Every structure is written in C-alpha cells, then in structure tokens.
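Treat the numbers as computed from the prediction; the structure is a model and nothing was measured. Values reported hereafter were calculated over all heavy atoms of this structure, with side chains retained and with hydrogens, waters and symmetry mates removed. Here is the naming used below: chain letters follow the sequence lines, and residue numbers restart at 1 for every chain.
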Amino acid sequence: MTMCEPRAARRSAAGPPLTGFVCVLLLVCVSVASASLDVGNNETRRTAAAETAEDPHHPTNSTGLKKAFPVLALNYDYVRKPFEIALWILLALLMKLGFHIIPRVSNVVPESCLLIGVGLLVGGIIRAIREEAPVLNTELFFLYLLPPIILDAGYFLPIRAFTENMGTILVFAVVGTLWNAFFIGGMIFGVCQIEGAQLAGVDLLSCLLFGTIVSAVDPVAVLAVFEEIHINELLYILVFGESLLNDAVTVVLYHLFEEFSHAGTVTVADAFLGIACFFVVSLGGIMVGAIYGLLGAFTSRFTSHTRVIEPLFVFLYSYMAYLSAEVFHLSGIMSLIACGVTMRPYVEANVSHKSYTTIKYFMKMWSSVSETLIFIFLGVSTVAGPHAWNWTFVILTVVLCLVSRVLGVIGLTYIINKFRIVKLTKKDQFIMAYGGLRGAIAFSLGFLLTDDNEMKSMFLTAIITVIFFTVIVQGMTIRPLVELLAVKRKNESKGSINEEIHTQFLDHLLTGIEDVCGHYGHHHWKDKLNRFNKTYVKRWLIAGERSTEPQLISFYNKMEMKQAMMLVESGSAARPPTHASSVSMQNIQPRESARGRAIPSISKSREQEIRKVLRGHLQNTRQRLRSYSRHDLLVDPFEDHVSEVRFRKQRVEMERRHRVYTYDDGESPRGRAAQPRPGPADGVSLVSESPPGLGARGPDQEQEVQEEKEEQEEQDQLKLSRCLSDPGPNHNKEEEE
Amino acid sequence: MGSRASTLLRDEEIEEIKKETGFSHSQITRLYSRFTSLDKGENGTLSREDFQRIPELAINPLGDRIINAFFPEGEDQVNFRGFMRTLAHFRPIEDNEKSKNAAVSEPLNSRTNKLMFAFRLYDLDRDDKISRDELLQVLRMMVGVNISDDQLGSIADRTIQEADTNGDNSISFNEFIKVLEKVDVEQKMSIRFLH
C-alpha cells in the first residue's frame, strides 16, 4: 500500500511467484514460531530460567553442590514481553514486505484484506497448536494502535477542502450515524421479536447498543482502502471526514446505551442529557486538542537550539491531547485531529527542514505499522474469539448495514444538495455509500461490552462478519467500480504559483463581494480568521522574522527551493542545465533577448545578497509538499528524482563551491568595488523597463558584464538560487546577526 | 425598510432583472434593500464614496479594484441594474443551466464569464493581456509593503513563465483559463445568496 508505484517497476523484474509463495510460507513459519515460543516454551523455560537466574544473583550456591560455571545460559523470561512485541511487529512488517513481492495479488486485493488473511492463518495455526493467541483487546487498540493513524491523518488533513465541506461532513457524521444506529438497532429488534425463541432474549437497548457499535464508519478501514484508489479530493474528504467526526456520536451513544442497558429504561430526560453530552464530548474534545496544539506550537518557537528533539514535541503533545480527552470520556479522535490541525502551520514555520522530514516520516511509519498490526490482530482475534454463529442475526446485520447506509446517504444528500454550491452527483453518492466501511473500532467496542451481556458472542460474530464483508468484499470491488463509473481521480498536479496567486486573489475578491452584499458568508469569516491569525497569533507562536512572512512568499520560496534542488541534482553544477525546464535560466534568457539586457544583471550587491541568503537558507531550507494521500510520499517530485546519496554529494559540492566564493570575494580586486547599494533602489532599477533607466545603466554594466562573464560559469549555481534571494525581510536581520 | 424597498422597485423591473441575471424574486428584493442602505444620497445610484463607506472593503487589498468593477467604463454612478449585473457573476451555477443549448447567450454566471470578470480585475488597461506590470501591481497589493520589488519581480516572472504558452511574456485570457482549469472555479467564485 505504501509503495505501490515504484514497486511496480520492481515487481516486473521480481522472480516468479513461486519465490514469493516460499517467502510467505517462511514468514508464516516465523510467526508461528514466535507465537508458540512465548506460550509453549514458558513452562520448560520458566523452571530452567529460575534455576539459571539464581546463578547471577547468588554466586555462592547455597545448596552446597557446586555446579559447573554456565558458559551459556538461557534466560528467556527476562526479555519475554519486549521480545514478543518486537517479534509481532517484525512479523507484521515482513508480511507487508512479502505482499509487494508477489506481483499479481497486490494489484487485485487491497493490502488490508491480505493482512486479515495472514492474521487468520496465524490465528488458525496457533489454535491448532492449542495455544493462547494474543487478542486485540480494547486497551491495546485504543491506547496504542489507533492514535498514530489518527494523528497522521489529522496532521496532513487538507484543511481547505475540509472547511469548505464542513457542513456536509457534519451532517453525514452526526445525522447519518444516528440514523444508522437507530435504524439498524430498531430493525434488528423488530425482526428478533418476530423470529424464533433463540433471539427473543435480545432486548431493545441491547439492539440499539449493537446498532451503535456497528453503524460507525471506520477511519482506519476507509484510509486503507481509499488510499489505494486515489479518488478525487472531495469524495475522500467527505467519507474520511465523516469517519473522523462520527467518533463523538459513537462515544456518546455507546455510553448512553451501555449505561441504560443495565438500568433498563430510558426516559426523555436521559435523551436530553444525551444531546447535551454530545455537545460536551465533541466541543470539549476539540478544545482540549486545540489547547495542546497551541502549547505545542508555542514550544516549537523556542526549539531553535535543540533541533534534535523537535519532532518529539509534536508527537508527545498530540498523544497527551488524546489521552487527556480520553480521561474525561471526551472524543479522543476529535481532540487528536484538532491538535494536529492547530499545531501544524506554526510548527512548520518554526522547525528545521530535517525535523520536518523526521516528523513526516515518523508519523507515516508509525501509522503504517499500526494499521498493519490492527488488521493482523483482527484476523487472529477472529479465530480466537468466542463465537456464536446465528445465521439470521448475521445475515440480517450485514444486509441492514448496507441498506441503512444507502438510504442514509441518499436521504441526506437530497437535503444537503439544497444548500451546497457544488451539488453531489449520483456517482458521488454511490461512492460515499459504498465507502462506508466498518473496521477495528467496531470490533474493539464490541469487545468492550461487559461479559454479562449474553449476547456478546453473537454480537461479536456479527460485527466481525460485517467488518470482513465491508473490508474484503467492498474493499476489493471498489477499485474496479471506480474505474467503471469513471469517477474523477485525484489530480496529481504539482503546486503551481499561478494557482496559488489566483486562489488568493479570488479569496480577496469574494470577500469583497460578500462585504458589498452585506452577506457574512464563508469567505468573510475565513478572512477574519486569517486577519486575526496574522495580527495576534502568529506573533506569539512563530519564531523570528518568519512571523511576518506572507503566505505567498513562503509558498514561492518552497517552490524555488524545490526547483533549485532538482536542478542541482539533474544538471552538472558547472554549467547551466540545458534542458528547458530550468526556470531561472528561462527567466534570464528570453528577457535578455527581448529587452536587450545583459545576462548578468546581477550586480555586486545582489551577489552579496545571494551569498548571504545561501549561507542562511541552505541550512534552513524546508520543503513543504502537498500530500493528501497518507502513504503517497512519491507525489513529492523531489524524492522522485533524487536519491539521498546523490543529493548529499551535490549539496556538499555546492557548499564547497560557495565557500570558495566567499573566500575569493575578499581577495579579488572587484571585491573592493562592491558597495552594498540599498536594496529597494537596486530592485527598482532591475525591475523597471523604462528605456532611459536601462540606457543609463548600460555602459555602467558593460564592464561588470565582461568581468563577471568568467565568474558566471561557476556562479551559475548561485544564480539558480537567485530565486531564493530574499533580501527583503531577511536582509536587515541577517546583517544584524 | 423592506416594504419601502419593494414599492420603489417596480415589478416589471424585477422581472427584467430576473431574466437578465437569473436571481430569484426574493434575492432581488433583498439585494435591493442592501442597495438602498448603501445609497446614502438616496438618488437611486451608488457612487464610489458609497462603496468606500463599507468598512471591510477598506482593508481588503483588492478593495479599489472591486469597487471599480461595478462602474461601467468611465461612469461615476451605478444604478441598481448595473449593481445586479455585476453581482450576477457570482451566482452559483445551477445544474439545469448547464444543459442550456448554445443558441441562448451565455448566462452571466457561466464559468467563462466568471473567469472573465476576474481577468478584468487584473487587466486594468483592457488590452486582453495581463502584463508583467499589472501582475506586479496585484502582487504588491496582496503581499504588502515588506517584500522587496526584486522578489516580487521574480515571483511575477515565474508566474508568467508558468502560464505563458505563446511566448509574448504576458498572460492572455486563454492562458488564464488554462492555468485555472484544475481549480474549482464554480465553487470558488460563487456566493450562496440566501433565498
């Protein structure tokens, strides 16, 4: 799932599928060995370990018999727990690796299915040995496995799309989930009353509880499946946003029904309390997350001297936000999302380039591991868990889930389309209905049910069946369906300065028009928020001069840096790259032919500025790349073309050359002539196209032109980064430094 | 205020505006009351000062240009028809309008007309091209005073270089459309006028 595209090249070159199968078999054996190791050998090891454990602690043997000094001793008990954990994680990752070696299977079957399959296999083998398998218990899932995935999703959430569709997402999350829960619960209760005696014991509240558990769309499953089909951003954010925000509803309903299934009755007052609880849970969760997010942003302002621990702050503050919300039974997921969203713009402005990369990679790594483990454990728990198969109940559940989802989507879309500017088409509705996958959250909630609920086994079986059905059947068929229906795919466009400028332009325009109409709409409030952010918040949370940098400038700097890096690695550094995509070269060449300006319109002061900027920026450059898809690191054009080693080599070379320059400049006779002219005046003369200005500078420049021509070839490197030159805001500050 | 507004606006006028711009009856009435509230001189037209009195427009970087967009070439007053005609560009595109045949003239809020409106805000001298200077002016307005002309210059160069396909060092309307083809203009340039 993570590396589908580049592996495609490798897949064709991979050996025959036989090798792949052998690998998988080997891995399965490893897993079985690990599972049996911890349980099976415990008996024998424990006694042996006890004996041998005595030796290091009691060198003088109290029994009187002097044993031979043990050259090799076995003490498995000591490392048992971490050993098991590490082995399971290793198993999960080896599985993941194994799948991408087998060429054809990964194309058809989504990775989540394969992982569940492996889990089933391992679980089956463990059961065959009659050992105890580790189960996906609630604590493990909610406290350790779920947060990394949610944090990763929340941190890289496409904010613009999310806020633009917020209304739709909320309606689907809240109303849709409520509808699902009550519809499924009610219908099951109804059918159970009609059916034979075996199901009569299921009371209404239990049914509603079950309906709640099974109705929530699961973010993990949605991410796992939607990532691979690269659907367009709107649908992605609608389904995924819904899966995130319905957590609050699920939490409230779950606790409500669980409380009352013990008490027996529900009154109207309880219903009102439930509604109040919903607001507390969701808004409280968001607030907790926002507070931690601001704390994290504030902390990152001061980390300029301890860059190494910067990523840890992001992770720890987010995790604390999650745990703090869970303490009060608030929605942990919403807290985590709020924390990531709040923290991100400020943290990214503060941290170094390397820290940013670290944060991004670690998040993706953890979320990937978590996801793999979740699916494998799901498979293992399926085999291990207590099951009570009841044909009616299970089939009913699966059918009802589908039906209620479809009805919910259609009904809600009909209402929502009245308020949307861009309506949702039938195709969109279909994908949304089909994409409502259930996953491990439902399983864990089911597991959380207290054991006195005799329906628990039956519920668990039904939940697992629904999960398997949605993940396997719907997950496998959604890709061909998407292609069949020709649903719009994600547009893989690189960031374009045009789009950025025009989008901002349109934002301002629309805000103005809204003000003329006296209509306080979406743009008005967004503009107000931006203004508030710029005047108050940024000053507190962003270190140094970056706090006043306009968004357009940061965007432009990013792009130019990206471009410069690409050029550095692709062409040789001594000559300007000849292929047409070199931006700054084209900037200069056509202009010179069109306007008769000399190529090196870089005066001495500009040179100095460039060097200063390079000195500063080369250490502090960052890349911010749009990444909507969690695992799709390869949309990053930089990583597409560059291998780490080559880039490092080039960079070292570039720095070396740059250092040669600063040394040279002091010595050369021209150095004396270089007087730093004031920035703006210089800028104006470069920018202005008025002929008199040009003519006046002509003879002046000529001499410099001749002299500089030799330097040009070596200076091309610097010219590439000319676009980086940011003498404006940084100029004075750097001089002060 | 509401009743006074509707008596001053004759039904035939409302019908004409409806046909020309596609707004609904209630939207037209509501916008008319806004028009009259802005019209301090109470002479049925708005002048530039009336617009400048809107506080949020004063802090909008594009405020002046937006105001100018309401006034037809060379005039200083805009009546309600002109007001509505400009606002019609921002009406959301409806599904049933998309299927209208080409024989009917394009409605004011079609995608092309929306983009033309935005283009004209860049292209002040109306030569159907956004030159480097015009782009620089817009950038300067959006970015503020702290950034040097140098850097703005390179941004402008980069922008033109990205968009320019016919090499004339300026952005024509077609190039403008092409650059924005991935942007969801229908949504970005629409205001939800409440019914």
Side-chain angles (χ1 to χ4, degrees), chain A residues 164 234 419 421-423 491 493 496-499 501-519 521-524 527 531 548-550 552-553 556 559-560 583-584 586-587 590-591 594 606 609 679-680 682-684 686-687 689 722-723 725-729 731, chain B residues 31 34 37-38 51 54-57 59-63 65-67 70 87 90 92-93 95 118 121-122 132-133 135-136 138-139 142-144 146-155 157-159 161-163 167 169 171 176 179-180 182-194:
Chain A
E164 277 174 10
L234 173 67
F419 297 98
I421 297 180
V422 173
K423 317 278 184 208
N491 53 347
S493 62
S496 142
I497 186 86
N498 267 286
E499 281 180 21
I501 292 181
H502 298 315
T503 310
Q504 276 197 30
F505 181 84
L506 289 178
D507 276 342
H508 287 301
L509 172 62
L510 268 279
T511 311
I513 298 284
E514 278 188 3
D515 292 327
V516 167
C517 297
H519 171 252
H522 181 77
H523 291 95
H524 178 89
D527 191 59
R531 236 175 265 283
T548 49
E549 190 179 62
L552 201 57
I553 303 295
Y556 178 69
M559 288 189 72
E560 288 303 305
V583 178
S584 17
Q586 278 197 332
N587 255 347
R591 279 226 325 246
R606 288 302 311 283
E609 288 164 5
D682 190 40
V684 165
L686 275 178
V687 159
E689 297 178 17
R722 170 185 185 244
C723 323
S725 74
D726 187 9
H731 184 59
Chain B
L31 286 170
R34 173 69 179 171
S37 74
L38 288 175
F51 278 104
I54 305 174
E56 290 90 357
L57 267 190
I59 47 178
N60 192 320
L62 301 178
R65 294 203 182 199
I66 297 176
I67 296 176
F70 278 92
L87 287 182
F90 296 95
I93 299 181
D95 274 335
L121 284 183
Y122 277 102
R132 187 172 180 273
D133 264 347
L135 190 59
L136 267 177
V138 173
L139 284 175
M142 291 206 296
V143 147
N146 285 332
I147 311 300
S148 74
D149 285 330
D150 251 353
Q151 188 164 24
L152 276 190
S154 26
I155 296 182
D157 290 330
R158 171 74 187 250
T159 311
Q161 192 256 336
E162 244 183 38
N169 250 335
I171 306 180
F176 187 70
V179 177
L180 289 180
K182 297 221 174 74
V183 172
D184 192 2
V185 175
E186 284 92 340
Q187 175 159 32
K188 276 213 167 27
M189 281 194 73
S190 300
I191 295 183
R192 215 170 286 142
F193 292 100
L194 304 166

Parallel under 30°, tilted from 30 to 60°, perpendicular over 60°: which one fits the rings of A/F505 and B/Y122? parallel

To the nearest 0.5 Å, what is the distance between CZ on B/F176 and NE2 on A/H502? 5.0 Å

Which bit of A/F419 is near chain B, if near means a heavy-atom gap under 4.5 Å: side chain, backbone, both or neither? backbone

Quick one: which of B/I54, B/N60, B/I155 has the most heavy-atom pairs under 4.5 Å with chain A, could you say? B/I155

Can you tell me which of B/I191, B/V143, B/V185 forms the most heavy-atom pairs within a distance under 4.5 Å of chain A? B/I191

Rounded distance [0.5 Å steps], CG in A/L510 versus CD1 in B/I66: 8.5 Å

Pick whichever of A/V422, A/D507, A/L234 has the most heavy-atom pairs under 4.5 Å with chain B. A/V422

Check whether any side-chain heavy atom of A/R531 sits under 4.5 Å from a side-chain heavy atom of B/I59, and report yes or no. yes

Part of A/I501 within contact of chain B (heavy atom distance under 4.5 Å): both

What I'd like to find out is whether the side chain of A/V516 reaches to under 4.5 Å of the side chain of B/F90, using heavy atoms alone. no

Between the CG atom in B/L87 and the SG atom in A/C517, the distance rounded to the nearest 0.5 Å is 4.5 Å

Roughly how far apart are A/T511 OG1 and B/E56 CD, rounded to 0.5 Å? 10.0 Å

Where the side chain of A/N498 meets the backbone of B/V179, is there a donor-acceptor pair that is under 3.5 Å apart? no

Heavy-atom contact with chain A under 4.5 Å, split by part of B/V138: side chain

Looking at B/G63, B/S190, B/G167, which has the largest count of heavy-atom pairs under 4.5 Å with chain A? B/S190

Tell me, out of A/H508, A/E514, A/H523, who's got the most heavy-atom pairs with chain B below 4.5 Å. A/H508

Ignoring hydrogens and angles, tell me if any N or O in the side chain of A/D515 forms a donor-acceptor pair with the backbone of B/P55 under 3.5 Å. no

